[in-house]
Amino acid sequence: MTSTMTLQSPPATHVPAGTDTARRVLPVIAGGALIAGAAMFFAGLATSPPAAGDEKVQYLASLARDPFLTQLSALLLHYGNLCMGAGLLAVPLLVRGRKGSVLSLVGALLGALGLLQISGSLLSDWFHMELGRNLPLEQAAAISDKVLAHPAEQLAFNPGPLVSLALLLTFIGLARAGVVGWWTLPAIVVGYAGMLFLPYSTPILPAVGAVPMLAVLALAGWRTIVRARVRTS
């Protein structure tokens, strides 16, 4: 008696059309959001109302002086942070293999959280604008200080240096994986320092100062778009 054995290949996995479309489209949207967010953030900094100094009363006076410019800047900064935060979530997908994957994932999650927190904090510009327009500046500053001193407010809307550290962590992971060069790390540091320390009496200066950091984020967005197009070609 002879016996025969039939080898059966495993059934082909069917990828639903909707899932395939999402895999193609979502990275492109995320990459575009990073690029658009960086551009809007630059524009928001550049249109910040000029402040005569670093004191709270001077800051409130600058917001109250030109309501249109205050709202334009706040709107651009809000959507800039929002788009960068959402887009950053797709950046870890650029990593292939284990090297750098954990660092880029943890950094992107923390960075996205921080950027989304900052986007929400821009609502305070409208409150500060109206405080400065309707109250003596010293009283308006005292109210602002009381609101911003609440620990829960600090936790919810003021991530502080968390964002810059998270971006560094993200791009250390990407650099380890060979996705970007190591030059991106000093670019983030220089850009963040320029945004913080250049004088807001001339808003274009901190805007230009932030360009190295924003360029790194835009580069990651472009790489995300290109990788998505290569995968589907």
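Side-chain atoms are counted along with the backbone in the values below, which use heavy atoms only and exclude waters and symmetry mates. Along the sequence shown, residues carry numbers from 1.
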Any residue meeting side-chain hydrogen bond (donor to acceptor under 3.5 Å, both in side chains) with [X], in chain and number order, not counting sequence neighbours:
X: S121; result: none
X: D54; result: none
X: E55; result: none
X: Q139; result: none

Might you point out which heavy atoms bring [X] and [Y] nearest each other, and give the distance in Å?
X: A207; Y: A46; result: CB-N, 3.7 Å
X: S48; Y: G44; result: OG-O, 3.1 Å
X: A90; Y: T224; result: CB-CG2, 4.3 Å

Sub-3.5 Å donor-acceptor pair from the side chain of [X] to the main-chain atoms of [Y], do we have one?
X: S144; Y: A140; value: no
X: S73; Y: T70; value: no
X: S104; Y: L174; value: no

Please examine the side chains of [Y] and [X], heavy atoms only from C-beta on, and report whether any two atoms are closer than 4.5 Å.
X: L131; Y: W126; answer: no
X: V180; Y: R223; answer: yes
X: V95; Y: L105; answer: no
X: L45; Y: Y200; answer: yes

Legend entry - Contacts of V106 that satisfy side chain to side chain contact (heavy atoms under 4.5 Å, CB included) - sequence neighbours left out: V102, L110, L169
Legend entry - For P159, side chain to side chain contact (heavy atoms under 4.5 Å, CB included) partners two or more places apart: Q117, I118, L162, V163
Side-chain donor-acceptor pairs of residues 181-196 under 3.5 Å, sequence neighbours excluded:
unit_1	atom_1	unit_2	atom_2	d
T184	OG1	G181	O	2.9

Do any side-chain atoms of residues 79-89 form donor-acceptor pairs under 3.5 angstrom with protein atoms, and if so which ones, sequence neighbours left out?
unit_1	atom_1	unit_2	atom_2	d
N81	ND2	L77	O	2.8

Legend entry - From CG (L103) to CZ (R176), nearest 0.5 Å: 6.0 Å
Legend entry - Spacing of CG belonging to L214 relative to CG belonging to L219, to within rounding of 0.5 Å: 12.5 Å
Inset, instruction - May I have all residue pairs that pass side chain to side chain donor-acceptor pair (under 3.5 Å) and include part of residues 154-167, sequence neighbours excluded? - result: E153-N158
Distance-only criterion, 3.5 Å: show the donor-acceptor pairs between side-chain atoms of residues 59-67 and protein atoms not counting sequence neighbours.
unit_1	atom_1	unit_2	atom_2	d
Y59	OH	D125	OD1	3.1
S62	OG	Y59	O	2.6
R65	NH1	P50	O	3.2
D66	OD1	F68	N	3.3
D66	OD1	L69	N	3.2

Inset, instruction - Quick one: name the residues clustered hydrophobically with L155, using the 4.5 Å side-chain heavy-atom rule over I, L, V, M, F, W, Y, and just say none if it's on its own. - result: none
Legend entry - Hydrophobic cluster identity match, L165 and L109, side-chain contacts under 4.5 Å: no
Legend entry - Residue pairs passing the salt bridge (charged side-chain N to carboxylate O under 4.0 Å, His left out) test where at least one lies in residues 130-147, sequence neighbours excluded: K56-D145, E130-R133
